[in-house]
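Per chain, numbering begins at 1; letters A, B, ... match sequence-line order. Computed over heavy atoms, backbone and side chain alike; hydrogens, waters and symmetry mates excluded.
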There are 2 protein chains.
Amino acid sequence: MKPKHFTNAEISDLLVRHDINPTAQRVVVTRTILERCAHLSAEDLFQIIEQMPDRRGVSLATVYNTLGLLAQKGVVREVIADPAKVVYDPNTAPHHHVYNVTTGELIDVDADRMQVSGMPSLPLGTSLEGVDVIVRVRSPS
Amino acid sequence: MKPKHFTNAEISDLLVRHDINPTAQRVVVTRTILERCAHLSAEDLFQIIEQMPDRRGVSLATVYNTLGLLAQKGVVREVIADPAKVVYDPNTAPHHHVYNVTTGELIDVDADRMQVSGMPSLPLGTSLEGVDVIVRVRSPS
DNA sequence: GTCAGTGCAAACCCTTTGCAGAAAG
DNA sequence: CTTTCTGCAAAGGGTTTGCACTGAC
């Protein structure tokens, strides 16, 4: 997935459309993860932002808070593959993942290539949040 | 899933068959998780064992180490659904999970009821470790 | 002035590790 | 004796929280 470029105004609009107050820090965080087009953890993102020359200071706590908010509002997707940390995926189209447990690498698989059939009926009083498929692979030791 | 009962000798045999040296502590841990037939975290298991009257002392570190070993040797299965903690599943038959993000409840779904089609070819030099499907549901707030 | 948002540091939780002592053969 | 395993307590890493400050309306 190739990097894209966004103006701050575009990001700001996107946030507003998702019911998020577009503060300077939130715009930086959102813009960074969307432009990187990669699976990043909060810590990854924080370090990238720290090294931007034109950065406006963004604290680690704010990165965590913002990513949580973005995930909750559907701007990005949380991927829980590695028990050690959560990564965020700017790809919000339905898709699944191949996770290399040795290297930590995470690869997208389009939902129209790999599908789930036979969805069980949901427990009473619950609504569907999403279906995650994770293909775990291992590199030779 | 109803609780089962095992003799220590049965558990011991099981461990040996899986290439695990059957120490007293490992037998207690293994027996407890197999008899409970439930998804348990290391902490859960530790607390259950702590309250057993006939227990042989087992430390938290040993519970973690033993569960890791059991998972690695295929006696139990690791389930990574909640980013906050790993749970262990004594059901090693192929199956998937419904996870309630509100309550933390985790339900098994037989693999012959829900299936994945269109598995991607694995990255070069990797071998398949497993395929996890997690249906996330939410209870109303 | 009000209220949401931010930064910092401390707190938290789950998990792993270092190391000395215990157990097993 | 040697090797493996265990227990304890401390460290570790990711994430969250408390609280005072800042900034926007």
With no hydrogens and no angle check, just 3.5 Å: does a side-chain donor-acceptor pair link [X] and [Y]?
| X | Y | value |
| --- | --- | --- |
| A/N100 | A/S139 | yes |
| B/H39 | B/D108 | yes |
| B/H95 | B/D112 | no |

Mind calculating the distance between [atom1] ([X]) and [atom2] ([N]) to the nearest angstrom?
| X | N | atom1 | atom2 | value |
| --- | --- | --- | --- | --- |
| B/L15 | D/dT4 | CG | C1' | 15 Å |
| B/E50 | D/dG7 | CD | C1' | 13 Å |
| A/D19 | C/dG5 | CG | C1' | 16 Å |
| A/L67 | D/dT16 | CG | C1' | 14 Å |
| B/L45 | C/dT15 | CG | C1' | 15 Å |
| B/D82 | C/dC13 | CG | C1' | 12 Å |
| A/F46 | C/dA9 | CZ | P | 11 Å |
| B/L69 | C/dT15 | CG | P | 17 Å |

Sequence neighbours excluded and cut-off under 3.5 Å, please list the side-chain donor-acceptor pairs for residues 10-22 of chain A, or say none.
residue	atom	partner	partner atom	Å
A/E10	OE1	A/T7	N	2.8
A/H18	ND1	A/L14	O	2.9

Handout entry: N/O (side chain, B/T23) to phosphate O (OP1/OP2, D/dC5) under 4.0 Å
Key = no

Problem - C/dA23 phosphate, OP1 or OP2, under 4.0 Å from B/Q25 side-chain N/O - result: no

Handout entry: Sugar-phosphate, base or nothing in reach of A/N65, heavy atoms under 4.0 Å
Key = base

Practice task
Could you name each residue pair satisfying side chain to side chain donor-acceptor pair (under 3.5 Å) that touches residues 62-76 of chain A, not counting sequence neighbours?
Solution key: A/S59-A/T62

Practice task
Decide side chain to side chain donor-acceptor pair (under 3.5 Å) for A/R31 and A/N8; before the verdict, give the C-alpha distance in whole Å, the side-chain angles of both, and the deciding distance to 0.1 Å.
Solution key: CA-CA 7 Å; A/R31 188 175 173 177; A/N8 284 345; 2.6 Å; yes

Practice task
Would you mind reporting whether A/L40 and A/V87 have side-chain heavy atoms less than 4.5 Å apart?
Solution key: no

Exercise for the section: Just compare D/dT6, D/dT4, C/dG5 and give me whichever is closest to any side-chain atom of A/N21. Expected result: C/dG5

Write down the protein N/O and nucleotide N/O pairs, taken from nucleotides 8-14 of chain D, whose separation is under 3.5 Å; answer none if there are no such pairs.
residue	atom	partner	partner atom	Å
D/dG14	O3'	A/A84	O	3.4

Completion exercise
The answer to which of A/V63 and A/P83 contacts DNA chain C further toward the 5' end, by nearest nucleotide, is A/V63

